[in-house]
Amino acid sequence: SLENDSNLTGLLLQQGSTSACLKPMRAHLSILAHTRRAPYNAPCCGPLTLGLPMGILAGKRVLIVGVASARSIAWGIAQAMFREGAELTYTYQTERLGERVLEMAEATGSSLCLPLDVAEDQAIMGMYEALAAQWNSVDAIVHSVAFAPRDQLAGNYLESVTREGFRIAHDISSYSFAALAKHGRQLLSPSSALLTLSYLGAVRAIPNYNVMGPAKASLEANVRFMAAELGATGTRVNAISAGPIKTLAAAGISGFRSMLQTVANATPIRRNVTIEDVGNAAAFLCSDLAAGITGEILYVDGGYSRVGMSC
């Protein structure tokens, strides 16, 4: 300490040995004093400033497709992205849903809610026209939409599957992602990201998931083909394969409660994942931190897809 330095100086004076020793000591004390007087300025960043750090999505505009309730995975994604600084626009399918979605949008600082039926190309184009009147570009699109008729999601696959059910499941759950990119690519910014939601049933035979398995497999193939095409213009395309979560859509799958318990017992983390878990991963994938990631299926399932059997 400086006090100890002063005592040492007195001892040296008594011994008459100050001439050689005090010069480096004085230089050291001078450096300390100088350091205290001069504030540090980072050479490339200017003066350091105090305050809250910026979120990883600060300044980005994100279109969220698929919020239906507070239990929706899309809502977990929207909350995470809002927390990280993104500006959000939501879509809704029906007027009844529109009132609910608008309330949720306002909770994330947004008043932009646009009608959209992903089964109709004209509706998709109309949504983008309305969005373009408010935003001159979009930095990310989140596609969290899936549907199959209820009778397709119970019993054995071949007994339940029908031509019409197969068509509907693929149209709503898979083609709609390609359609959103196809009709909205002119609005995409040079470093944009597209994200969709998949499930383990795309690559494994899951009881009662039935026709949604082929539909999710189609969706994941979409991710690869879209990533290959859009990468040249700076757009990345990825998917999150989330573990089972109790959403309104999942409630239509026969035996879903049993599935939740089975997965919770078997995952390495010994719990089901949440919409918050998925939201955090989605925020990362749509941020510049993931600039080198495209064409990927990221599993957010607590490790369930990686284990052979529970211990």
Side-chain angles (χ1 to χ4, degrees), residues 63-66 72-74 76-77 118-119 124 140-148 152-153 157 161 165-185 188 192-233 235-245 247 249-250 252-253 256 259 263 267 272-273 275 277-286 290-307:
L63 173 65
I64 307 285
V65 179
S72 297
I73 293 177
I77 293 173
V118 296
I124 294 174
I141 297 174
V142 174
H143 170 270
S144 182
V145 180
F147 177 78
Q152 303 288 296
L153 302 175
Y157 175 68
V161 68
F166 193 93
R167 182 195 66 79
I168 292 173
H170 281 71
D171 184 14
I172 304 302
S173 309
S174 178
Y175 177 73
S176 62
F177 186 44
L180 284 172
K182 180 183 181 73
H183 297 299
R185 63 190 306 175
L188 294 176
S192 54
L194 306 182
L195 181 70
T196 189
L197 276 297
S198 189
Y199 178 60
L200 185 62
V203 295
R204 305 266 185 91
I206 305 295
N208 299 314
Y209 201 58
N210 293 349
V211 74
M212 282 303 301
K216 290 296 188 181
S218 169
L219 178 66
E220 292 188 3
N222 259 333
V223 168
R224 293 185 288 273
F225 277 85
M226 290 164 58
E229 179 177 348
L230 296 175
T233 58
T235 297
R236 298 178 297 104
V237 187
N238 293 293
I240 288 176
S241 184
I245 297 175
T247 64
I253 302 173
F256 185 74
M259 182 190 298
V263 171
T267 59
N272 292 118
V273 296
I275 62 173
D277 293 326
V278 179
N280 290 335
F284 161 70
L285 283 176
C286 289
I293 302 174
T294 192
E296 289 294 329
I297 313 299
L298 175 64
Y299 283 84
V300 182
D301 64 353
Y304 180 78
S305 59
R306 300 299 143 201
V307 296

Kindly indicate, with the supporting measurements, whether the criterion side-chain contact (heavy atoms from CB on, under 4.5 Å) is fulfilled by Asn238 and Glu296.
-> CA-CA 5 Å; Asn238 293 293; Glu296 289 294 329; 3.4 Å; yes

CG on Leu180 to OH on Tyr175, rounded to 0.5 Å | 10.0 Å

Quick check: does any side chain N or O of Arg204 sit under 3.5 Å from a backbone N or O of Ser305, one acting as donor and the other as acceptor?
-> yes

What are the two closest non-hydrogen atoms of His143 and Ile172, and how far apart are they?
-> NE2-O, 4.2 Å

Between Ser173 and Leu219, which heavy-atom pair has the shortest distance, and what is it?
-> O-CD1, 3.6 Å

Test log, rule side-chain contact (heavy atoms from CB on, under 4.5 Å), inputs Thr267 and Asp301 = CA-CA 8 Å; Thr267 59; Asp301 64 353; over 6 Å; no

Does any N or O in the side chain of Asn222 come within less than 3.5 Å of the main-chain N or O of Ser174, such that one atom is a donor and the other an acceptor?
-> yes

Measure across Gly295 and Arg224 and return the closest heavy-atom pair with its distance rounded to 0.1 Å.
-> O-CG, 4.2 Å

Test item: Val161 and Asn210 side chains (from C-beta on) under 4.5 Å apart, heavy atoms | no

Intermediate values then yes/no, side-chain contact (heavy atoms from CB on, under 4.5 Å), Val273 and Tyr304 | CA-CA 10 Å; Val273 296; Tyr304 180 78; over 6 Å; no

Could you tell me the separation between the CG atom of Leu188 and the CG atom of Leu63, rounded to the nearest 0.5 Å?
-> 10.0 Å

So CG of Leu200 and CD1 of Ile206: to nearest 0.5 Å the spacing works out to 4.5 Å

Which heavy-atom pair separates Met212 from Phe147 by the least distance, and what is that distance?
-> SD-O, 3.9 Å

Shortest non-hydrogen contact from Phe284 to Ala290?
-> O-CB, 3.4 Å

Heavy-atom check, side chain of Glu220 versus side chain of Val203, under 4.5 Å | yes

Can any side-chain N or O of Arg236 pair as donor or acceptor with the backbone N or O of Ile293 at less than 3.5 Å?
-> yes

Gap separating the OG1 atom of Thr233 from the CZ atom of Arg185, nearest 0.5 angstrom = 6.5 Å

Tell me, do Asn272 and Pro244 make a side-chain contact under 4.5 Å, heavy atoms counted?
-> yes

Find the distance between CZ (Phe177) and OG (Ser218) and round it off to the nearest 0.5 Å.
-> 11.5 Å

Mark yes or no for whether Lys216, through its side chain, and Leu197, through its backbone, hold a donor-acceptor pair below 3.5 Å.
-> yes

Shortest non-hydrogen contact from Ala239 to Leu285?
-> O-CD1, 4.5 Å

Nearest 0.5 Å please: distance from the CG atom of Leu195 over to the SG atom of Cys286.
-> 4.5 Å

Steps toward side-chain contact (heavy atoms from CB on, under 4.5 Å) verdict (Arg306, Tyr299) | CA-CA 9 Å; Arg306 300 299 143 201; Tyr299 283 84; 3.1 Å; yes

